[in-house]
Amino acid sequence: MQFQSPTGTLDIYAPESDEIQKLVVVFSKLVKYLGYKLILTPMFEDAGLFKAGAGQNADVVTKEMYEFEDKSGRHLALKPEGTASVIRAFVQHSYQTPFKAWYLSPAFRYENPQSGRYRQHHQLGVEVLGPTSYLADVEIIYLLDRFYKELGLKNYRLLINSMGHSEVGEASECRNQYKVVLLKYLDQRAELLCQDHRLKYELNPLRVLDCKKPDCVGALEGAPRLVDYLCQDCMTHHESVLNALSDLNIEFENAHNLVRGFDYYTKTTFEFQSTALKSSQSAISGGGRYDNLVANLGGQDVSGAGFGIGIERLMMALNAEEIRLDKSEQYDCFLVNLVTDFMPMKLIDSFIKAGLRIGYSIDGGSLKSQMRQANKSGADIGIIIGASELESASATLKNLRNSDQFGVSIDSLVSEASKLLATIREKKF
RNA sequence: GUGACCGUAGCUCAGUUGGCAGAGCACUAGGUUGUGGCCCUAGGGGUCGCGGGUUCAAAUCCCGUCGGUCACCCCA
């Protein structure tokens, strides 16, 4: 019986996994400079956590969540996004603020796969908990921009908006005031909206802003804009963020209709899009500020901000720009062993201790066959050990770039190999 | 959940009005004692996604199913 991976899931191996490894290393080094610590949280949580977090209006939670009961009837769900778990851990363990964490985590959503959309994908993300200042927003946006630049990504843009603030049941808050205005506007043009929203725009009028259908886009021309209804505090915050980004020479576009899918965002929301991607999923990261989320999940009144990067989408964007992150060959040296009772692991150990990557044929084979393997492996140096070499406690070192070869004693093999490698690389590169 | 297109060797694909399952690349082994890359020769590898139906005969036609790709909703 053969099995295959479930619909919408990916097996990722070299060379793609090499690039992902590299990308994670770049990211983890970068966030380390600003004090972020890695956090590992469970892949599944109480299903209620995500409902309380991302909200009842988020499709990701209401119709796309992998929910199940475990053997003792607990109602669990595979995490559809990264933030809720981190907040839950923060509250549960009473971590101190300012709290800065980064994560690498799979995320699961039961949706129909298409380009850039899978049932399991992977996210790199950060969360900053505690700070209320606009600087937190600026820092995480800076981080993303810096990250993309270090990867060599060029064709991307930053969309940014402010959602205002909105506490449960507080009609006076600026987002709620805007909602009333928008609703009034939509009421007058309901019949112009797309089929979907014509019926359900009242449920969550903000969602209509996000609609890409021509009907809705047309009906929204001249619609009131959220930024114009921000309260003083939200307005100042928003302007401070934008000014700081300008100061940092980080280009952005005001996206008055950018309303992200999770209910928890307040004030800043943003999205980075790849302009190199032709498919309809061009968002390569998204995030924002969430000042009520910690409290909503049972914690103190603690502000927060964070983002998630879709690794698969970032890979697509890198690919579209023809950026290869890890070009290195598999090995520096390749051991060709012709003596079946010579056990090579000791020799291999001495290469590893010297920091040299060494390949060898585990199952042996003819000289020709092992040389072919050496060639394919991309190694610069071949090390041949046969009966005659063993007799004289030596090995043959071969420069695979120009076919020169010479004998060296086993004792000096590692140092001679390093020396030869250095000369080859100096000439070649 | 909805819709369109597509499933033939590890990969990219050809396969005519239904008539013996193919190519290129990749892989393996050789090309005179122990030398890779180019070249030459040979070889291995396919229940034609799976199940049913029509037919003397199905990769080819019909139905179903699973998978993939892309799009909608929504999102990374």
Side-chain angles (χ1 to χ4, degrees), chain A residues 1-10 54 57-65 79-83 104-125 144 194-197 200 204 207-208 210-213 216 258-262 270-274 277-287 306-317 334 336-339 359 361 363 365-390 395-405 407:
Chain A
M1 185 63 189
Q2 269 210 23
F3 297 96
Q4 51 191 341
S5 54
T7 293
T9 62
L10 253 28
N57 290 318
D59 279 13
V60 161
V61 166
T62 53
K63 42 184 249 204
E64 295 177 358
M65 208 152 66
K79 65 165 79 157
E81 55 99 27
T83 300
L104 166 61
S105 166
F108 305 86
R109 294 174 195 173
Y110 191 87
E111 46 192 350
N112 272 344
Q114 68 187 70
S115 179
R117 166 177 299 161
Y118 303 96
R119 290 192 176 171
Q120 172 174 354
H121 73 280
H122 299 84
Q123 293 192 12
L124 274 170
L144 273 172
C194 76
Q195 226 171 356
D196 251 16
H197 284 121
K200 58 181 199 188
N204 189 356
R207 287 247 61 94
V208 181
D210 220 16
C211 186
K212 280 162 250 153
K213 296 218 174 106
C216 280
L258 179 70
V259 177
R260 298 181 45 72
F262 301 128
F270 61 86
E271 184 171 302
F272 278 83
Q273 295 182 345
S274 165
L277 287 176
K278 283 182 198 134
S279 64
S280 52
Q281 277 69 42
S282 58
I284 51 175
S285 58
F307 64 70
I309 299 169
I311 290 184
E312 286 81 356
R313 288 203 189 159
L314 177 54
M315 291 288 290
M316 287 172 71
F334 198 97
V336 172
N337 175 23
L338 301 172
V339 185
S361 170
D363 281 330
S366 69
L367 175 59
K368 180 175 191 147
S369 146
Q370 291 195 50
M371 282 302 291
R372 278 180 175 165
Q373 290 178 56
N375 185 57
K376 260 184 303 188
S377 79
D380 288 322
I381 292 177
I383 297 153
I384 301 165
I385 293 184
S388 57
E389 282 90 351
L390 265 195
T396 300
L397 261 188
K398 177 159 188 166
N399 179 339
L400 292 176
R401 298 286 157 246
N402 64 8
S403 301
D404 287 349
Q405 65 179 56

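Letters go in sequence order (proteins before strands), and every chain restarts at 1.
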Exercise. For A:G116, does its backbone N or O pair with a side-chain atom of A:R313 as donor and acceptor, under 3.5 Å?
Worked result: yes

For this session: Give a yes or no on whether the backbone of A:F108 and the side-chain of A:R119 come within a donor-acceptor separation of less than 3.5 Å.
Result: no

In whole angstrom, give me the gap between the [atom1] atoms of [N] and [M].
N: B:G10; M: B:G46; atom1: C1'; value: 11 Å
N: B:A58; M: B:G1; atom1: P; value: 35 Å
N: B:U47; M: B:U8; atom1: P; value: 13 Å
N: B:C48; M: B:G22; atom1: C1'; value: 12 Å
N: B:C63; M: B:C5; atom1: P; value: 13 Å
N: B:U35; M: B:U16; atom1: P; value: 48 Å
N: B:G7; M: B:C50; atom1: P; value: 14 Å
N: B:G18; M: B:A71; atom1: C1'; value: 35 Å

Exercise. Where each residue is assigned the nucleotide of RNA chain B containing its nearest heavy atom, which of A:H121 and A:Y110 is assigned the position nearer the 5′ end?
Worked result: A:Y110

Seminar exercise, completed: Residue pair A:I309/A:P113 against RNA chain B: nearer the 5' end by closest nucleotide is A:P113

Exercise. For B:G30, does the O4'-C1'-N9-C4 (purine) or O4'-C1'-N1-C2 (pyrimidine) torsion place it in syn, i.e. within 90° of 0, or in anti?
Worked result: anti

Checking all strands, does [X] fall into the base, sugar-phosphate, or nothing category for heavy-atom contacts under 4.0 angstrom?
X: A:G116; value: base
X: A:F108; value: nothing
X: A:Q114; value: base
X: A:G287; value: nothing

What's the [atom1]-[atom2] distance between [X] and [N], to the nearest Å?
X: A:F3; N: B:C50; atom1: CZ; atom2: C1'; answer: 15 Å
X: A:L10; N: B:U69; atom1: CG; atom2: C1'; answer: 13 Å
X: A:F262; N: B:C74; atom1: CZ; atom2: C1'; answer: 10 Å
X: A:E312; N: B:A76; atom1: CD; atom2: C1'; answer: 8 Å
X: A:E64; N: B:A76; atom1: CD; atom2: C1'; answer: 12 Å
X: A:E111; N: B:A76; atom1: CD; atom2: P; answer: 10 Å
X: A:Y118; N: B:A76; atom1: OH; atom2: C1'; answer: 11 Å

Nucleotide forming a Watson-Crick or wobble pair with [N], both distances under 3.5 Å:
N: B:U16; answer: none
N: B:C48; answer: none
N: B:C61; answer: B:G53
N: B:G67; answer: B:C6
N: B:U28; answer: B:A42
N: B:G1; answer: B:C72
N: B:G37; answer: none

Shortest non-hydrogen contact from [X] toward [Y]:
X: A:Q120; Y: A:E312; result: O-OE2, 4.4 Å
X: A:I385; Y: A:E389; result: C-OE1, 4.1 Å
X: A:T7; Y: A:P113; result: CG2-CG, 3.9 Å
X: A:M316; Y: A:S115; result: CE-OG, 3.2 Å
X: A:I284; Y: A:S274; result: CG2-CB, 3.9 Å

Exercise. Does B:C70 have OP1 or OP2 sitting under 4.0 Å from an N or O in the side chain of A:S279?
Worked result: no

Exercise. Do the side-chain N or O atoms of A:T7 get closer than 4.0 angstrom to the phosphate oxygens (OP1, OP2) of B:G67?
Worked result: yes

Quick check: do [X] and [Y] have side-chain heavy atoms less than 4.5 Å from each other?
X: A:L104; Y: A:I311; result: yes
X: A:L400; Y: A:N375; result: no
X: A:F262; Y: A:T83; result: no
X: A:Q370; Y: A:L338; result: yes

Problem set entry | Identified side chain to side chain donor-acceptor pair (under 3.5 Å) partner of A:S105 from the options A:H122, A:Q123, A:K79 | A:K79

Measure all distances between protein nitrogen or oxygen atoms and nitrogen or oxygen atoms of nucleotides 2-11 of chain B, and list the pairs falling under 3.5 Å.
| from | atom 1 | to | atom 2 | distance (Å) |
| --- | --- | --- | --- | --- |
| B:U2 | O4 | A:N112 | ND2 | 2.4 |

Exercise. From the list B:C74, B:G1, B:C66, which nucleotide is the closest neighbour of the side chain of A:Q4?
Worked result: B:C66

For this session: Return yes if the base of B:A76 and the side-chain atoms of A:Q120 contain a donor-acceptor N/O pair under 3.5 Å, otherwise no.
Result: no

For this session: List the protein contact pattern of nucleotides 24-38 of chain B with one symbol per nucleotide (5' to 3'): B for base contact, S for sugar-phosphate-only contact, - for none; contact means a heavy-atom distance under 4.0 Å.
Result: ---SSBBB--BBBB-

